[in-house]
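What follows is a short report on a single structure.
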Amino acid sequence: RGPDPEDHASAAHAALADLDLPEAHLLQGDAHVAQAAVFRERGRLDRRDPYEYRVAIEEYSRALEAEPRSIRARLRRADALRARWSLDRRPDEDRLAAASSAEADYRAALEIDPGSTQAAIGLAWARSALARFEGRDEDRRVAAWRAEVEELAGPPSVERFAARAQARVGLGRLLCDIRRPARDEFAAAVADYEQALGLDPANPELLRRRGSAHLDLASASKQEQVSPAPILADALEDLDDAIAGDPGDSEALALRGRVRKERGIASDQVEEFLAAIADFAEASALRPDRGDHLYEKGLCERDYALLLTRQGKDASRQWEGAMADLTRSAELDPSWVDAYRIKAMVLQGLGLNEQAAIACETAIRVDAEYAAKNIGIHNALTTSRLWAGYDVLEKGGDPTSWFEGAIRAAGDGLALIPDHAEIHCYRGLAYGGLAEFAAARGADPSALDEAAYAELHGWANSVNSRLASQCEAILQGIERRRH
């Protein structure tokens, strides 16, 4: 985990290369897993074909050929398979195979040592992962997570309580994704971490994880119209204690930044945003190789800029700061699609809509499969092309390609979420822009007006006031042309 992990890993591999012994194969596998962990943190791990995990699994398999009842080799291979499974850019069939193999290893480990907590926790995860693959409908996925939580009941231990809390957080996040109430799951996760901390009160990692669970609970509470303020205060206290116990924990600093940002959004307090930006900056200084800390700092700069804009203040420095952070985060991990999406939103804030559209198109080129399933990418691409079209229209140019591109992007987004009110409105605004351009050229805009009206009339009452007023302006233009 030093500055040159490749050098240390290479030295380990060289020292062990000629030793065909089970222990040597275990150590070779450990070196590859450690190297993979460092690369993953630094955004340098190939998330489609991770060589380090693949070779680690081969080394652990060689150790098992020599000693089939080695619980160490069995658990380490299972954990490496689990890590390989967690790389969400791999094809589904590869992830399913990894989960199946891990399940077999965890089960074999329990047969060797029925009291192994690590094997029991791993087996619960593997069964849940397999169930989530077998049933992709929402109810089956929820049931799989609940089964994992139930399987993690057992003799009290820090590991079991922490694993069950982690499973509850996973269930809660799924419930949020499918728009179901999730507060109870996050609250139960906080309670599980409370029990783990009862056994290990000063553990900084447990404090950080409980702070993260509090943050999830606050977000779910906000969605369910419950004030998140006291929960955010608890999260802040946990993360303060975690950082006091481990001042070099960049994860805890970044989480505290997120908590402070949420407090700033809730209260419009400039001081909270400034404290959050300072936390993200410190996290990034500790780990300059990690793009995610810069990404979070860029998000915070953007939200701070939006606050200043609402207050009628100059936010140009904040927009530029957000742009610099997001650009750097994408340089550190060029495969990070969401960095391009947020960069597009910042470019829109700067009025650079054509460049925003290019950022979205770059995200699609980087990972078309992931981008196709990401509603945020479709939304950002739709709005970038839409506002670029209106920029061209205002300057007297031909905006047709921009508006038609916005309509296509909106269609892709609505294929994922058919009742997405904002995207319906954006598509209506694009049709309205085409109608306005057609009318200015003396062409008949009636068909385009009807398409715009069909989108805006049904959805404009379900969006924020700014977008609703833009929709109303287009509807008024349609009425004028009709008469």
[Y] side chain reached by [X] side chain, heavy atoms, under 4.5 Å:
X      : Y      : answer
Glu436 : Leu448 : no
Leu215 : Leu232 : yes
Tyr340 : Cys360 : no
Glu52  : Val33  : no
Leu467 : Tyr426 : yes
Arg164 : Gln195 : yes
Asp240 : Leu207 : no

For this session: Report the C-alpha distance between Arg127 and Glu148 in whole Å, list the side-chain angles of each, state the deciding distance to 0.1 Å, and finish with yes or no for salt bridge (charged side-chain N to carboxylate O under 4.0 Å, His left out).
Result: CA-CA 7 Å; Arg127 287 173 175 166; Glu148 181 177 353; over 6 Å; no
Using atom types as modelled and distance alone, determine if a side-chain donor or acceptor of [X] lies under 3.5 Å from a backbone N or O of [Y].
X      : Y      : result
His214 : Ala187 : no
Ser250 : Ala283 : no
Ser329 : Leu326 : yes
Arg385 : Gly405 : yes
Glu224 : Ala182 : yes
Thr383 : Ala380 : yes
Ser212 : Arg208 : no
Tyr390 : Leu429 : yes

Exercise. Should Thr309 and Lys313 be marked as a side-chain contact (heavy atoms from CB on, under 4.5 Å) after you check the CA-CA gap, both sets of side-chain angles, and the distance that decides it?
Worked result: CA-CA 5 Å; Thr309 301; Lys313 299 176 181 176; over 6 Å; no
Taking all heavy atoms of [X] and all of [Y], pick out the closest pair and write down the distance.
X      : Y      : value
Val346 : Trp319 : CG1-O, 3.6 Å
Gly211 : Asp238 : N-OD2, 3.6 Å
Gly413 : His378 : CA-CB, 3.7 Å
Gly389 : Phe403 : C-CZ, 3.5 Å
Ala357 : Trp402 : CB-CZ3, 3.9 Å
Trp387 : Gln348 : CD1-OE1, 3.8 Å

Problem set entry | Residue among Lys343, Lys297, Arg302 satisfying side-chain hydrogen bond (donor to acceptor under 3.5 Å, both in side chains) with Asp325 |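 The single option meeting the side-chain hydrogen bond (donor to acceptor under 3.5 Å, both in side chains) with Asp325 is Lys297.
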Problem set entry | Polar side chain donor-acceptor pair, Gln118 to Asp79, under 3.5 angstrom |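 Yes - a donor-acceptor pair under 3.5 Å links their side chains.
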Exercise. Ile277 and side-chain contact (heavy atoms from CB on, under 4.5 Å): which partner among Glu296, Glu301, Arg260?
Worked result: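 Checked Glu296, Glu301, Arg260 against Ile277; only one passes side-chain contact (heavy atoms from CB on, under 4.5 Å): Glu301.
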Separation between [atom1] of [X] and [atom2] of [Y], rounded to the nearest 0.5 Å:
X      : Y      : atom1 : atom2 : value
Glu272 : Tyr304 : CD    : OH    : 12.0 Å
Ile407 : Asp412 : CD1   : CG    : 12.5 Å
Asn379 : Arg341 : CG    : CZ    : 9.0 Å
Cys471 : Trp459 : SG    : CH2   : 12.5 Å
Leu253 : Ile243 : CG    : CD1   : 4.0 Å
Leu456 : Cys425 : CG    : SG    : 6.0 Å

Exercise. Got a sec, which residues hit salt bridge (Lys or Arg N to Asp or Glu O under 4.0 Å) with Glu194, two or more places apart in sequence or on another chain?
Worked result: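 Listed in chain order: Arg210.
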Restricting to side-chain contact (heavy atoms from CB on, under 4.5 Å), what partner residues turn up for [X], sequence neighbours left out?
X      : value
Val142 : Arg146, Leu171, Leu174, Leu175, Ile178, Arg180
Asp303 : Lys261, Ile265, Phe273, Leu306
Ile358 : Glu361, Thr362
Leu352 : Leu347, Leu350, Gln355

Exercise. Think Arg482 forms a cation-pi with Tyr453, using NZ or CZ under 6.0 Å from the six-ring centre and within 45 degrees of its axis?
Worked result: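 Yes.
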Problem set entry | Arg256 with Glu251: basic N within carboxylate O range, under 4.0 Å |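 Between Glu251 and Arg256 there is no salt bridge, as every charged N stays at least 4.0 Å from the carboxylate O atoms.
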Problem set entry | Pair Glu185 + Arg173: basic N to acidic O under 4.0 Å |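 Looking at Arg173 together with Glu185, the answer is no, because their closest N to O distance does not fall below 4.0 Å.
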Problem set entry | Asp184 atom CG: more than 12 heavy-atom contacts under 6.0 Å |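 Atom CG in Asp184 is not crowded, with 12 or fewer foreign heavy atoms closer than 6.0 Å.
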Exercise. Does CD belonging to Glu394 count more than 12 external heavy atoms closer than 6.0 Å?
Worked result: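 Incorrect, the count does not exceed 12.
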Exercise. Step by step, would you call Ser284 with Arg290 a side-chain contact (heavy atoms from CB on, under 4.5 Å)?
Worked result: CA-CA 7 Å; Ser284 184; Arg290 288 189 55 167; over 6 Å; no
When the side chains of residues 196-204 are checked against the rest of the protein, which donor-acceptor pairs come out under 3.5 Å, sequence neighbours left out?
{"from": "Asp200", "atom 1": "OD2", "to": "Asn203", "atom 2": "ND2", "distance (Å)": "2.9"}
{"from": "Asn203", "atom 1": "OD1", "to": "Glu205", "atom 2": "N", "distance (Å)": "2.9"}
{"from": "Asn203", "atom 1": "OD1", "to": "Leu206", "atom 2": "N", "distance (Å)": "3.1"}

Exercise. Run the side-chain contact (heavy atoms from CB on, under 4.5 Å) check on His293 and Phe280 step by step: do they pass?
Worked result: CA-CA 6 Å; His293 295 334; Phe280 291 128; 5.8 Å; no
Exercise. Are Val190 and Ile231 close enough, and set up right, to give a side-chain contact (heavy atoms from CB on, under 4.5 Å), and what steps lead you there?
Worked result: CA-CA 11 Å; Val190 169; Ile231 305 167; over 6 Å; no
